[in-house]
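Computed from a predicted model, the values in this text were never measured in an experiment.
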Amino acid sequence: MGSLEEHAKAAPDIKLRDLQLRIAGLGGCLGVVTATRAMTGKDVKQQVEAAFGVPSSEQHLLCGSVTLEDATSMGALAEEVSDVSEVTLVRTPEVTRVHSWDKDAWTWH
């Protein structure tokens, strides 16, 4: 086969191609978003929000064992994944209420 460098020499545009990110939640595949290598994790989250309605503030995106942080460069991530990658979306709604412990039950304030 060969290294990534050898593939890049054979196909000079390998680093220019967009990434196809298959977004999957606990219920299965939601769909695909396209990311350029110039984008960041924050940009991808904004695309996921536009495509699937999940607020970016509630998204945790995982590509394998890598968490896609807001500042993560898709170019750097692309060196570790293929052009088509599975991304797991874990939604954690923002908590707007504070809870406290009552010896008999949880109470909301």
Side-chain angles (χ1 to χ4, degrees):
M1 287 295 261
S3 69
L4 181 60
E5 291 172 358
E6 290 170 343
H7 287 289
K9 288 177 187 174
D13 65 337
I14 191 168
K15 293 190 178 217
L16 302 176
R17 286 187 288 201
D18 293 341
L19 300 171
Q20 300 298 310
L21 305 175
R22 281 189 224 135
I23 310 298
L26 295 176
C29 185
L30 297 173
V32 176
V33 296
T34 300
T36 67
R37 284 163 164 69
M39 293 173 76
T40 64
K42 183 177 182 177
D43 298 325
V44 172
K45 288 179 179 182
Q46 289 171 341
Q47 282 196 329
V48 169
E49 182 173 0
F52 310 115
V54 178
S56 58
S57 62
E58 297 180 7
Q59 297 176 31
H60 292 279
L61 301 177
L62 304 166
C63 189
S65 62
V66 177
T67 299
L68 190 57
E69 302 290 345
D70 285 352
T72 302
S73 162
M74 295 309 295
L77 183 65
E79 294 178 11
E80 298 185 28
V81 300
S82 66
D83 288 342
V84 178
S85 297
E86 297 288 335
V87 176
T88 303
L89 167 62
V90 178
R91 184 174 185 175
T92 53
E94 293 184 70
V95 176
T96 56
R97 302 176 111 181
V98 178
H99 55 83
S100 62
W101 178 253
D102 179 336
K103 66 179 180 179
D104 297 319
W106 283 95
T107 57
W108 295 97
H109 300 278

Has the side chain of Gln47 got a donor or acceptor atom that lies under 3.5 Å from a matching backbone atom of Val33? no

Check: Val32 and Arg22 side chains under 4.5 Å, non-hydrogen atoms: yes

Nearest-0.5 Å distance that lies between atom CG in Leu61 and atom CG in Leu21: 9.0 Å

Could you tell me whether the side chain of Lys45 reaches within less than 4.5 Å of the side chain of Val48, counting heavy atoms only? no

Checking Thr34 against Gln20 for the side chain to side chain donor-acceptor pair (under 3.5 Å) test, could you report, in this order, the C-alpha distance in whole Å, the side-chain angles of both residues, the deciding distance, and whether it holds? CA-CA 5 Å; Thr34 300; Gln20 300 298 310; 3.2 Å; yes

Got Met74 and Leu68 here, is their nearest side-chain heavy-atom distance under 4.5 Å? yes

Could you check whether any side-chain heavy atom of Arg91 comes within less than 4.5 Å of a side-chain heavy atom of Pro55, counting everything from C-beta outward? yes

Spacing of Leu77 atom CG and Arg37 atom CZ [to the nearest 0.5 Å]: 9.5 Å

Got a second to check how far Leu89's CG is from Gln59's CD, nearest 0.5 Å? 5.5 Å

Treat each ILVMFWY residue as a node, draw an edge where side-chain heavy atoms are under 4.5 Å apart, and state whether Met39 and Val66 are in one component. yes

